[in-house]
Structures are given as C-alpha cells and as structure tokens.
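Below is one structure, written out as structure tokens; comments come after it.
A note on names: the letters A, B, ... follow the listed sequences, proteins ahead of strands, and every chain is numbered from 1. Values in this document were obtained by computation on a predicted structure and should not be read as measured data.
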Protein chains: 2
Amino acid sequence: MVRLEDVARAAGVSASTVSRALARPDMISEATRSRVLEAAERLGYRHHPAARALATGRTGLLAFGVPSLANPYHAPLIAGAQQAAEEAGCELVVVVTDGSPDREAALFARLADRVDGFAALIPGSPAARLAEVAAGLPLVTLDRRVRGVPSIVIDTPGGMAALGAHLAGLGHRRVAYLGGPAGSWLDPRRLAALREAAPGCEVRALGPYLPEYQAGIGALDEVLAAGCTAVVAYSSTLTLGVLYAMTARGLSAPADLSLASADDLSAAGLAVPDVTALRVPSRAAGRLAVERLADLAAPRPAGPAHTLLPVEMIVRSSSGPPPDRAP
Amino acid sequence: MVRLEDVARAAGVSASTVSRALARPDMISEATRSRVLEAAERLGYRHHPAARALATGRTGLLAFGVPSLANPYHAPLIAGAQQAAEEAGCELVVVVTDGSPDREAALFARLADRVDGFAALIPGSPAARLAEVAAGLPLVTLDRRVRGVPSIVIDTPGGMAALGAHLAGLGHRRVAYLGGPAGSWLDPRRLAALREAAPGCEVRALGPYLPEYQAGIGALDEVLAAGCTAVVAYSSTLTLGVLYAMTARGLSAPADLSLASADDLSAAGLAVPDVTALRVPSRAAGRLAVERLADLAAPRPAGPAHTLLPVEMIVRSSSGPPPDRAP
DNA sequence: TCCTATCGTGCAAGCGCTTGCAGATCATCT
DNA sequence: AGATGATCTGCAAGCGCTTGCACGATAGGA
C-alpha cells in the first residue's frame with residue numbers, strides 16, 4: 001500500500017504538504033502542488049479511509065433508510081441517492097427499517113458514529129424522536145416534514161389535487177381512494193388534497209393497504225361494493241393488482257371504472273401504458289436528499305430547508321367519464 | 001464521547017486491559033473483566049469504528065452488489081444479507097451495479113480499501129476479473145460459480161428440471177422458456193436443465209427478456225406464435241406480465257396455456273395464488289453469502305467453498321394438461 | 001536599507017484503538 | 001527455600017492522516 005509519506009518522499013516534500021496539496025490546493029504553491037499531484041498519480045496513491053476518518057472525525061459514509069426494498073418506488077429513490085453519494089465522494093449504507101420505529105431507533109443508534117449523516121423515509125417514527133436524532137447527527141427526512149429537520153417531500157398531495165379535479169371534471173361523483181400505509185405522514189395529506197380538489201365529489205377512503213399486487217386484487221371488491229366510479233391508488237403495485245382484478249372480471253377502464261395511480265408505473269418497468277398517473281420525481285428526491293445531507297455533513301453546514309418537489313399528472317386512457325355519463 | 005481510557009480510569013486499569021477485556025476475554029482474569037465490563041456498561045462505552053479500523057486494518061463493512069433494485073427477487077436477498085451482516089457486527093454497503101461490468105470494476109476498485117469483503121450477484125462480469133478481485137479481497141459470488149471463488153448458488157436448474165418433468169408428464173410437447181437476462185451465467189444452465197428433463201418435449205428458448213411486467217406482456221405473443229402449450233418464465237415479474245396479457249385476451253391457465261414461474265410470486269407480495277412456481281430460498285442465499293464472507297474476512301479464514309441451495313417446486317393450478325389432451 | 005506583512009512549508013502532536021513485549025505476581029516443583 | 005513456570009497486566013509503539021503553530025523566505029512599504 002502506498003502511503004502519504006511515500007508520495008511525500010517521491011515529490012521531495014513533507015507529508016503535510018502532500019495532504020494539503022490534495023485537500024487544500026489553495027494553500028500550496030502551484031509548482032509544489034503539481035509536483036505532488038504528479039507523484040501521487042504515478043504511485044497510485046489513495047487515501048486510507050479509516051486513517052482519514054480518525055483524524056477528521058468524518059467517515060465518508062452516509063446512511064439511507066427505507067422501510068422496504070420490495071416496493072418498486074424505492075428503487076429509483078435509492079439509485080438517485082447512490083448517485084449523489086458517489087458525486088459527493090461518499091459511500092451509501094442502505095438500511096431497511098421494516099417500517100418499525102423500534103428498529104429505526106436501533107439503526108440510528110448503531111450507525112450514529114459510523115456515518116456522517118442519515119437520510120430516511122420514515123413515515124412512522126414519532127417526530128420527537130426524529131428531532132432528537134437530528135440534534136446529534138445530520139438528518140434529512142423524505143416524504144415527511146419535521147420541525148427543524150431538513151426534508152425532501154414529493155408533492156403527491158398536489159398531484160392528488162390534480163387527479164381530484166380531473167376526475168370531478170369528468171363527472172365522477174363517488175371516488176375511492178386506496179390509501180396506505182397506516183401511520184404514514186403523507187397519506188392523510190394526500191386524501192385531504194384529493195377531497196379538497198373535488199368539492200362536489202364524495203371521496204371514500206378505503207384501506208389502508210400494503211403496497212402490493214395482492215392487496216390491489218382484494219381492493220377491487222371494496223371499490224365496487226362502495227359504488228365508486230373511479231379509483232385512485234397510492235401505489236403502483238396496488239394499481240397493478242386492481243387492474244389485474246378488473247381484467248379478470250371482464251371490467252375495463254375507463255368504461256366500467258376509471259383508474260388512476262399516485263405513482264407512475266412506467267417508471268418502475270411495470271408499464272401498463274394506459275394508466276392515468278402521477279409522474280413522481282423519486283430519483284430526484286433521493287438525489288436531493290443525499291446532496292442536502294452531504295451539505296449538512298460538510299464543514300460549511302448549510303442551514304436546514306424544506307424542499308417540495310412538484311409532480312406531474314399524466315392523463316392517459318384509463319380515466320374517462322363515469323359509466324352513466326358515457327357518450 | 002467516552003473513550004477506552006475513560007473506562008480504564010473508571011475501572012482502575014489500563015486502556016490495554018479494557019481493550020482485551022472486550023475483545024479477548026480469555027486473556028483477562030475473571031475479576032478484572034467483570035469490573036471492566038461493568039464500567040464500560042455504566043459509561044455507555046462504544047468502540048470508535050475508525051480508530052479500530054486503523055489499528056486492525058478491518059473496517060467492519062461488507063459490500064453487497066446487485067444489478068438492480070427494481071427486481072423484487074433482490075429484496076429478500078438483500079434482507080437476508082443485511083441480517084447476516086448485523087449478526088456479524090458489520091454494516092452492509094449495498095451497491096447497484098446496473099449489470100455493467102465496467103461499473104462493477106469501478107465499484108470493486110473504489111470499495112476495495114473501504115470494506116472487508118464483497119458479495120455480489122454479477123452474472124455478467126468476466127470470470128478472470130472476478131478471480132483477480134478475489135485475490136485482493138474476500139469475494140463471494142451469488143448465482144454463479146467461478147474457479148477458486150466461494151459461491152452461493154440457488155439451484156434453479158434443478159428446479160427447472162422438476163418443472164420440465166412436470167410439464168412433460170402432463171403431456172406437453174412444446175414448451176416455451178422465457179429466458180434472460182443476456183449474458184447470465186445461470187440462464188443457459190436453466191434452459192439446459194429444462195430440456196434435459198423433458199426429453200420428448202421441444203423447448204423453445206425465447207428472449208432474452210428483462211425481468212419486467214411489460215416484457216411479459218409482449219412475450220405472450222411470441223409464445224402463442226411459437227405454438228407452445230406451456231410457458232416457463234425465469235422471473236416473477238415476467239410471469240405476472242404474461243398472466244395479465246393472458247387475462248386481457250380471455251385466455252386462462254391451464255385451459256389454454258400452462259404457466260410456470262422460476263421464482264415464486266407469493267414471496268414478493270405479488271401473490272397470484274395459483275401459479276406453479278419454484279420456491280427459491282433467496283433470503284437464505286443472501287444470508288449465507290454474507291456469513292461466508294464474514295468468515296473469509298475473519299482472522300480464521302475458512303477455505304473457499306461452493307454451496308448449492310435446493311429449490312422446491314410448488315405445483316398449483318396454473319399448470320395442467322395441454323388443451324388437446326384436456327378431459 | 002530595515003521592518004513588517006504575506007505566503008508556503010515543515011514539525012510534531014494528536015485522533016482512539018490494538019498488540020508485541022516485558023514486568024510483576026503468585027503457585028508449583030525440586 | 002530457591003527456582004521455574006504460568007498467568008495477568010501495563011508500557012509504548014504504532015496504524016495513516018490532518019492541522020495548529022512556528023519558522024524561513026520573499027515582497028512591499030517607509
């Protein structure tokens with residue numbers, strides 16, 4: 001292994017100069033620096049992460065917590081996070097919380113002195129605990145706002161409002177909202193936004209459902225029993241299950257039932273091309289969360305801030321007028 | 001922060017004694033040890049990971065590489081890996097390779113001196129490169145065997161043989177295999193096993209397909225065009241797509257077409273209860289891979305070994321006699 | 001020309017933990 | 001009683017990097 005001192009010897013300077021040439025270029029004269037850089041390059045020098053961590057107190061590791069990996073919504077989120085981490089010169093430790101506040105707490109404790117910060121999608125943990133964690137460690141929350149903790153929130157409520165207006169405009173008077181998961185910070189906000197945007201329209205909140213195909217199959221019965229003419233599902237796998245169940249019963253969208261999803265299927269490679277959906281910038285959310293985190297962990301701690309990412313409604317053929325109004 | 005020396009002072013011993021009481025209990029007298037442990041407990045002492053890493057050369061970090069997070073098959077794999085890592089007292093760095101050999105190589109290089117070992121599902125990287133990596137860093141491969149590199153392989157070829165025998169026994173004479181991904185080590189072995197177990201049966205290899213819902217929808221056309229009476233898909237999302245496409249056309253299984261999946265849907269919460277499938281122990285595979293890795297990374301390096309995990313065929317109602325033989 | 005900023009570099013002291021070695025203590029054997 | 005181990009503990013030297021401080025050199029101002 002090639003050490004700082006090996007480079008120093010090769011360049012005819014001291015180890016501290018090499019360290020500075022690499023980390024604080026402006027402190028070193030142009031001539032020396034290029035000589036050092038050349039030597040480092042030639043010898044293939046690479047920082048020893050542990051030594052650097054010991055000296056600086058920063059590990060170069062960022063944690064990213066998600067409730068589950070089975071949900072396709074999380075894949076682009078993590079991909080974005082990973083990309084941002086790489087660009088910040090850090091590694092990403094992905095941890096699965098199972099949505100359990102206890103496990104979340106255990107993970108925070110275990111990782112606290114191993115990572116420089118924590119970004120997490122933790123709909124269920126009590127806000128007080130999060131604030132407490134944030135006091136000891138840079139923390140960024142996803143899809144959730146907590147006082148004093150920077151956050152990245154995808155504006156699905158805004159999208160829900162668009163869907164509500166869209167469906168109400170088509171003439172629907174009874175719409176089902178397939179919500180979940182229980183205890184989610186965002187879920188009641190989505191529902192409220194949907195209701196508010198469709199004033200003349202009764203919105204039946206069903207669920208909560210797990211974001212699973214299977215759950216969607218079962219949900220269709222409830223939707224029909226409730227006499228709704230349109231259904232909005234909070235997750236793409238749920239939508240997929242509803243669509244399968246509809247097809248199995250010989251129902252089609254939108255002739256028999258309008259269908260919309262709060263999460264665009266095509267993004268997950270689960271494309272059924274014709275479902276009206278929200279295009280959610282989940283990759284961007286993951287990326288921004290980690291960028292924000294890297295800022296917080298950096299010596300120059302940019303202050304906390306909340307970011308709301310807009311979503312776009314994509315109207316496709318699965319939504320149309322209710323059956324009794326069809327042309 | 002409470003340091004080793006703080007504990008030492010509290011217990012009235014030296015820092016080295018504390019270190020040993022924690023790491024080599026047998027070197028320390030019973031009395032001293034319990035006194036030290038009590039003090040450590042009381043003060044809430046925790047190792048400083050970076051300091052330990054610098055002194056020992058071991059980081060307590062293990063890397064786990066997967067081609068993608070969008071594939072539901074990977075979720076239990078990673079969950080198992082994470083559990084094993086926790087039990088070994090390590091953190092797991094999950095990295096996504098995108099299935100690109102170049103990116104894999106870059107990740108190996110970048111993580112080489114950050115982690116104690118690498119477990120990876122890398123169907124595409126050249127074997128020579130993997131052997132090279134394994135020379136410099138503990139490495140365990142998943143679903144792939146490379147000379148001299150320990151591996152955990154799920155015996156889907158064995159499961160394919162069971163499916164082949166099952167379908168041939170039902171009277172099928174032309175079976176479609178929906179394979180993928182291109183360049184996978186395991187894929188040709190699955191196909192060969194399927195062929196071998198169904199001697200009187202023509203096995204049409206279609207694809208390669210991506211493990212996606214959408215791909216399954218398209219695949220059905222090819223299956224029907226090829227005149228097959230049964231179809232075996234290598235991935236559960238693919239199966240789901242086929243099933244949807246069948247339903248949309250009014251075809252049902254097994255009356256019109258028998259359907260089997262090399263990967264059990266119910267495991268991923270994508271349960272469509274009646275699909276004949278292989279139950280693959282993916283959680284166990286992830287767990288074993290990381291356990292093996294932790295062994296390799298430990299001072300007592302257990303030798304390389306290959307593990308083949310058996311799979312179980314679950315016959316359900318989606319497979320039956322071909323249409324012309326139906327009762 | 002002498003004095004004072006300014007800039008670039010080196011020295012050395014850590015960061016917190018591990019571990020080879022040597023010293024101390026006490027039991028056992030001759 | 002003296003010698004010989006065996007057992008336990010402490011000393012101190014690192015692991016590789018960063019960084020406050022001091023020092024020497026160079027440039028600018030009086």
*Closest-nucleotide 5' rank along DNA chain D - winner of B:Thr56 and A:Met27*: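 Result of the comparison: B:Thr56.
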Output the single nucleotide from [options] whose closest atom is nearest the side chain of [X].
X       : options                : result
A:Leu54 : C:dC15, C:dC11, D:dG14 : C:dC15
A:Ala51 : D:dG16, D:dT19, C:dG16 : D:dG16
A:Arg3  : D:dG16, D:dT18, C:dC17 : D:dG16
A:Met1  : C:dG10, C:dC17, D:dG16 : D:dG16
A:Ser29 : C:dG8, D:dT9, D:dC17   : C:dG8

Report the distance from atom [atom1] of [X] to atom [atom2] of [N], rounded to the nearest whole Å.
X        : N      : atom1 : atom2 : result
A:Leu4   : C:dC15 : CG    : P     : 19 Å
A:Asp6   : D:dC15 : CG    : C1'   : 14 Å
B:Arg52  : D:dC17 : CZ    : P     : 21 Å
A:Arg9   : C:dG10 : CZ    : C1'   : 15 Å
A:Arg58  : C:dC15 : CZ    : C1'   : 15 Å
A:Arg114 : C:dG16 : CZ    : P     : 16 Å
A:His48  : C:dG16 : NE2   : C1'   : 14 Å
A:Leu22  : D:dC17 : CG    : P     : 10 Å

_With a 4.5 Å cut-off on side-chain heavy atoms, are A:Tyr73 and A:Val280 touching?_
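Counting from C-beta outward, A:Val280 and A:Tyr73 do come under 4.5 Å.
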Taking OP1 and OP2 of [N], is either one under 4.0 Å from a side-chain nitrogen or oxygen of [X]?
X       : N      : value
B:Arg24 : C:dT19 : yes
B:Ser16 : C:dC17 : no
A:Ser19 : D:dC17 : no

*Is B:Arg292 salt-bridged to B:Asp295, going by a charged N under 4.0 Å from an acidic O?*
no
_Looking at B:Glu104 and B:Arg129, is there a salt bridge between them, counting it only when a charged N and a carboxylate O are closer than 4.0 Å?_
no
*asked:* Ignoring hydrogens and geometry beyond distance, is the side chain of A:Arg20 in donor-acceptor contact with the base of C:dG10 at under 3.5 Å?
replied: yes
*Check B:Val18 against B:Ala8 and note the closest heavy-atom contact, atom names and distance.*
CG2-CA, 3.5 Å
*Over 12 non-hydrogen atoms of neighbours within 6.0 angstrom of CD in A:Glu5*: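 Check fails, neighbour count at 12 or below.
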*asked:* Any base atoms under 4.0 Å from A:Arg33, or only sugar-phosphate, or nothing? Heavy atoms, all strands.
replied: nothing
*How would you label the contact of A:Ile28 with the nucleic acid (heavy atoms, under 4.0 Å): base, sugar-phosphate, or nothing?*
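Since only primed, P, OP1 and OP2 atoms lie under 4.0 Å of A:Ile28, the category is sugar-phosphate.
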